[in-house]
Amino acid sequence: DQAKSDFISIASHELRTPLTVIKGYTEMMLEDGHLDPNFKPMMKSVHDGTMRLHEVMDSMFDIAQIDARTLIPHLQSVELGELVREVVNSLSKVIKEREQTVMVEFPIIPKVKADPNLLRKLFHHLINNAIKFTPNKGRITVSGRDLPSLIDLPDGGIEIIVSDTGVGVDPDFREIIFTKFYQPGELGKHSTSKTRFKGGGAGLGLALSKGIVEAHGGRIWVESPGYDEINFPGSQFHILLPFTKPAA
């Protein structure tokens, strides 16, 4: 595990500079009105590939911070319902392609003290995961409710549940899915298939989600009757976030 952490830390730092150069020059060429139109599709593909690499690299960088316990949320007042709707809107193209329905059900609940950028990453990973493991025309629901004072949340907090009508999660794997580089099924699927049904990925999304939630003093877990690609029992990812982050 230490070797994994060292590799992630080194790779994420070393990739950052060359990727920034490639991203910058491809964007300049795409904006160049004198560029041969025949080259535009090729430059667009190079740019899309670079952005995908940036996404993976950013996840690796965040994971490196989580491993080193240096991921520090910059707390602000956040309206979770509004933030979740922003994330769903950013995924609207994929949702439409998969003919899925995504519902956001948030009553009027108090704001939380949290880092909005980290929470966007959290819900992007969780909702994207739900899209990926839910068949076409499936249904995904993101709901929220405020909770009174509990043992875990002495000042109260908010519970968010991301539910889907997908393949579900094997009860034996409820913990391991939150570890780095874990992927269900066979390995080697290309990560550009990240949004098709059961497509591959880098295997960092749920590990990063767990790190972000815990950095806010919260908890994350999954509930599911089991894994079934015929009856689709679905799964529910639960996130508990305190209204105020407890002291370290």
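Clustering ILVMFWY residues whenever any of their side-chain heavy atoms sit less than 4.5 angstrom apart, transitively, puts I109 in a cluster other than the one holding I161. Grouping the Ile, Leu, Val, Met, Phe, Trp and Tyr side chains by contacts below 4.5 angstrom, directly or via other members, places F39 with M29. Both M28 and V21 sit in one connected hydrophobic cluster of ILVMFWY residues. Membership requires side-chain heavy atoms under 4.5 Å apart, directly or through other members. Linking ILVMFWY residues whenever their side-chain heavy atoms come closer than 4.5 Å, directly or via other members, places I95 and V104 in the same cluster. The hydrophobic cluster containing F7 also contains V56, counting ILVMFWY residues as joined when their side-chain heavy atoms lie under 4.5 angstrom apart, directly or transitively.
Looking only at side-chain heavy atoms (C-beta outward), F243 and D146 come within less than 4.5 Å of each other. No side-chain heavy atom of S235 sits under 4.5 Å from any side-chain heavy atom of E223. The side-chain heavy atoms of T165 and Q100, taken from C-beta on, include no pair separated by under 4.5 Å. Two residues are said to be in side-chain contact when any heavy atoms from C-beta on lie closer than 4.5 Å; L83 and P116 meet this criterion. Contact of the K111 side chain with the V78 side chain is not registered, since no non-hydrogen atoms from C-beta on lie closer than 4.5 Å. Contact check for L80 versus L241: side-chain heavy atoms found under the 4.5 Å cut-off. Contact annotation: the side chain of H216 approaches that of L75 to within less than 4.5 Å [non-hydrogen atoms, C-beta and beyond]. Counting heavy atoms from C-beta outward, K121 and I212 have side chains that approach closer than 4.5 Å.
Contact record, L118 with P73: CD1-CA, 4.0 Å, taken as the closest heavy-atom pair. Between L206 and F178, the shortest heavy-atom contact is O-CD2, 3.6 Å. Pairing each heavy atom of P107 with each of G144, the nearest pair is CD-O, 3.0 Å. P233 and G168 get closest at one heavy-atom pair: CG-CA, 4.4 Å. Annotation for G211 and I66: closest pair CA-CD1, 3.5 Å, computed over non-hydrogen atoms. Here the closest non-hydrogen pair linking A130 and V162 is CB-CG1, 4.3 Å.
For the pairing with L91, the side chain to side chain contact (heavy atoms under 4.5 Å, CB included) check across V102, I127, I140 returns one residue only, I127. Checking I22, L15, L19 one by one against H54, the side chain to side chain contact (heavy atoms under 4.5 Å, CB included) holds for a single residue, L19.
Without hydrogens or angle criteria, T179 side chain to I176 main chain gives a donor-acceptor distance under 3.5 Å. Although no hydrogens or angles enter the test, the distance criterion places a donor-acceptor pair under 3.5 Å between the side chain of R85 and the main chain of G81. When atom types are taken as modelled, the side chain of D228 and the backbone of I230 share a donor-acceptor pair closer than 3.5 angstrom. Judged by distance alone, the side chain of S224 and the main-chain N or O of G234 form a donor-acceptor pair under 3.5 Å. Of the possible donor and acceptor atoms, one in the side chain of R98 sits under 3.5 Å from a partner among the backbone N and O of T134. Side-chain atoms of R219 do not come within 3.5 Å of backbone N or O of I239 as any donor-acceptor pair. Side chain of K23 to main chain of T50: no donor-acceptor pair is present (N/O by atom type, distance under 3.5 Å, no hydrogens or angles).
E27 and Y25 form no side-chain donor-acceptor contact under 3.5 Å, judged by distance and modelled atom types alone.
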Evaluation steps, side chain to side chain contact (heavy atoms under 4.5 Å, CB included), between V84 and L119 = CA-CA 9 Å; V84 169; L119 289 191; over 6 Å; no
Could you go step by step and tell me if V88 and F123 meet the side chain to side chain contact (heavy atoms under 4.5 Å, CB included) rule?
-> CA-CA 9 Å; V88 171; F123 290 112; over 6 Å; no
For the pair I10 and E14, evaluate side chain to side chain contact (heavy atoms under 4.5 Å, CB included) and give the outcome as yes or no after the intermediate values.
-> CA-CA 6 Å; I10 293 166; E14 291 298 322; 4.1 Å; yes
CA sep, side-chain torsions, deciding dist, call: D164, R139, salt bridge (charged side-chain N to carboxylate O under 4.0 Å, His left out) = CA-CA 6 Å; D164 61 58; R139 191 175 65 257; over 6 Å; no
Between M103 and V142, is a side chain to side chain contact (heavy atoms under 4.5 Å, CB included) present by the stated rule, with each step listed?
-> CA-CA 6 Å; M103 303 288 293; V142 187; over 6 Å; no
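Rounding to the nearest 0.5 angstrom, the gap separating the CG atom in L30 from the CG atom in L35 is 7.5 Å. Here CG of D115 is found 9.0 Å from CZ of R120. Values are rounded to the nearest 0.5 Å. From I160, atom CD1 reaches atom OG of S143 across 9.0 Å, with rounding to the nearest 0.5 Å. If you take CD1 on I131 and CG on L126, they are separated by 11.0 Å, rounding to the nearest 0.5 Å. With rounding to the nearest 0.5 angstrom, the CD atom of E159 is 5.5 Å from the CG atom of L240. For the atom pair OG1 of T20 and CZ of R16, the computed distance is 7.0 Å after rounding to the nearest 0.5 Å.
Ring geometry, W221 versus H238: the interplanar angle falls under 30°, so the pair is classed parallel (tilted spans 30 to 60°).
The local environment of CD in E86 is crowded, with over 12 non-hydrogen atoms from other residues, nucleotides or ligands closer than 6.0 Å. By the 6.0 Å contact criterion, NZ on K44 is open, its count of non-hydrogen atoms from other residues, nucleotides or ligands being 12 or less. Residue-environment remark: CD (E105) exceeds the threshold of 12 foreign heavy atoms within 6.0 Å. Heavy-atom neighbours of E82 CD from other residues, nucleotides or ligands within 6.0 Å: at or below the threshold of 12.
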